[in-house]
Novice: 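What follows is a structure written as structure tokens; I'll ask about it next.
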Protein chains: 2
Amino acid sequence: MANLTVGENCGELQVALDIIVGKWKPIILFHLMENEKLRFSELQRAIPEITKKMLTSQLRELEYNDIVHREVYQQVPPKVEYSMTEYGHGLTPLLVSMRSWGTEHLKHLKELHGEDNEEQEGKAGSN
Amino acid sequence: MANLTVGENCGELQVALDIIVGKWKPIILFHLMENEKLRFSELQRAIPEITKKMLTSQLRELEYNDIVHREVYQQVPPKVEYSMTEYGHGLTPLLVSMRSWGTEHLKHLKELHGEDNEEQEGKAGSN
DNA sequence: TCAATTGGTTTCCTAAAAGTAACTAGGTAT
DNA sequence: ATACCTAGTTACTTTTAGGAAACCAATTGA
């Protein structure tokens, strides 16, 4: 992981970030945090906008990182269940903290900029 | 912000994520957390690999979100100082927690996969 | 007169992330 | 015989993030 050399101390933060960024990972994780076990198709139904490809790839990355467990039942039609690992549950407090901070920040932003301008959202629009 | 409708409860997490993702934001934030005030050029020197364009855009987003303050001195050659806002300091615990978690996770990954395979790093290499 | 200074902006380009849609296996129900 | 089911994979396209390099303005110092 090349970014480890970037900063004196922030490579580790990137490690944490890498696990939860990816447009779909947070919502996948919250569903798994709330549900104990979910089949592939249940996740698909819970997150209708996600494609199979994305769901698969995000789950595989989470599996690689030992955050979720993948249980394959040898039967037809196939059945695969996903669940948080014991280790993965250690991520929960962080996720919850981030969500709380985000909730407060939304309010803060509305006070600052008003809730009208839904366009720019801080991405410094030009370029 | 379209993602607010994605999940019942994870849009807020995305809000938090949006602020700290971006290849350079964490390191910028850590420098500002440690330094009280830094000029644009000091940040450039502190993070040599970053381009002006990236530094500018990341700082602007942080400024929009009231995390950093931008102070312009009307003089030539220009002088601009960046610092964490009071509000921005509220982000520090989260950043520190994420870094800690990342540090531990690196160890965990090495136990699982060994420290040899530096290639894939969980991005599920095929496609 | 001309280079050096700072804090940018602008245009163009590449690489990575994400989306679309078609295809697959193998057993079951019609 | 054929359509349907699940949990994917594959090939291709679009979108977004990020990078390289040139340009700029106003003043100072040589």
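Note that the structure is a prediction, hence the values are computed from the model and not measured. Per chain, numbering begins at 1; letters A, B, ... match sequence-line order.
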Novice: Report the distance from atom CZ of B:Arg45 to atom C1' of C:dT5, rounded to the nearest whole Å.
Specialist: 12 Å
Novice: In whole Å, what is the span from the CD1 atom of A:Ile50 to the C1' atom of D:dA7?
Specialist: 14 Å
Novice: Any side-chain heavy atom of B:Leu59 within less than 4.5 Å of one from B:Leu43?
Specialist: yes
Novice: Closest approach of A:Leu95 and A:Met33, non-hydrogen atoms and distance?
Specialist: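 The pair with the smallest heavy-atom distance is CD2-SD, 3.7 Å.
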Novice: Look at the side chain of A:Arg39 and decide which nucleotide, out of D:dC5, D:dA7, C:dG7, has an atom nearest to it.
Specialist: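 Comparing D:dC5, D:dA7, C:dG7 against the side chain of A:Arg39, the answer is D:dA7.
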Novice: Rounded to whole Å, how long is the line connecting atom NZ of B:Lys53 with atom P of D:dA21?
Specialist: 13 Å
Novice: From CE of A:Met54 over to C1' of D:dC12, roughly how many Å is that when rounded to an integer?
Specialist: 14 Å
Novice: Measure the distance from NZ on B:Lys79 to C1' on C:dT6 and round it to the nearest whole Å.
Specialist: 12 Å
Novice: Looking at D:dG18, does its base get a donor-acceptor pair with the side chain of B:Lys23 below 3.5 Å?
Specialist: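 Between D:dG18 and B:Lys23, which were checked side chain against base, a qualifying N/O pair under 3.5 Å is absent.
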Novice: With a 4.0 Å cutoff (strictly under), does any side-chain N or O of A:Arg60 reach OP1 or OP2 of D:dG8?
Specialist: yes
Novice: Ring centres of A:His31 and A:Tyr82 under 6.0 Å apart?
Specialist: no
Novice: Starting from C1' on C:dG7, measure out to CZ on B:Phe40 and report it in whole angstrom.
Specialist: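 Interatomic distance, CZ of B:Phe40 to C1' of C:dG7: 6 Å.
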Novice: On DNA chain C, compare the nucleotides closest to B:Thr56 and A:Val76; which residue's is nearer the 5' end?
Specialist: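 Result of the comparison: B:Thr56.
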Novice: Hydrogens and angles aside, do A:Tyr87 and A:His69 bring a side-chain donor and acceptor to less than 3.5 Å of each other?
Specialist: no
Novice: Assign each of B:Lys52 and A:Pro77 to its nearest nucleotide of DNA chain C by heavy atoms, then name whichever residue's nucleotide is nearer the 5' end.
Specialist: B:Lys52
Novice: Under 4.0 Å between any heavy atoms, over every strand shown, what does A:Tyr73 touch: base, sugar-phosphate, or nothing? Just pick one.
Specialist: nothing
Novice: So what does B:Thr51 touch, heavy atoms closer than 4.0 Å: a base, only the sugar-phosphate, or nothing?
Specialist: sugar-phosphate
Novice: Does A:Ser41 place a side-chain N or O at less than 4.0 Å from the phosphate oxygens OP1/OP2 of D:dT6?
Specialist: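 For D:dT6, OP1/OP2 do not have a side-chain N/O of A:Ser41 under 4.0 Å.
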Novice: What's the CD-P distance between B:Glu42 and C:dT5, to the nearest Å?
Specialist: 16 Å
Novice: For B:Glu81, is there an ion pair with B:Lys37 - N to carboxylate O distance below 4.0 angstrom?
Specialist: yes
Novice: In this structure, how many angstroms lie between the P atom of D:dT16 and the CG atom of B:Leu17, rounded?
Specialist: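 Rounding to the nearest Å, CG of B:Leu17 and P of D:dT16 are 18 Å apart.
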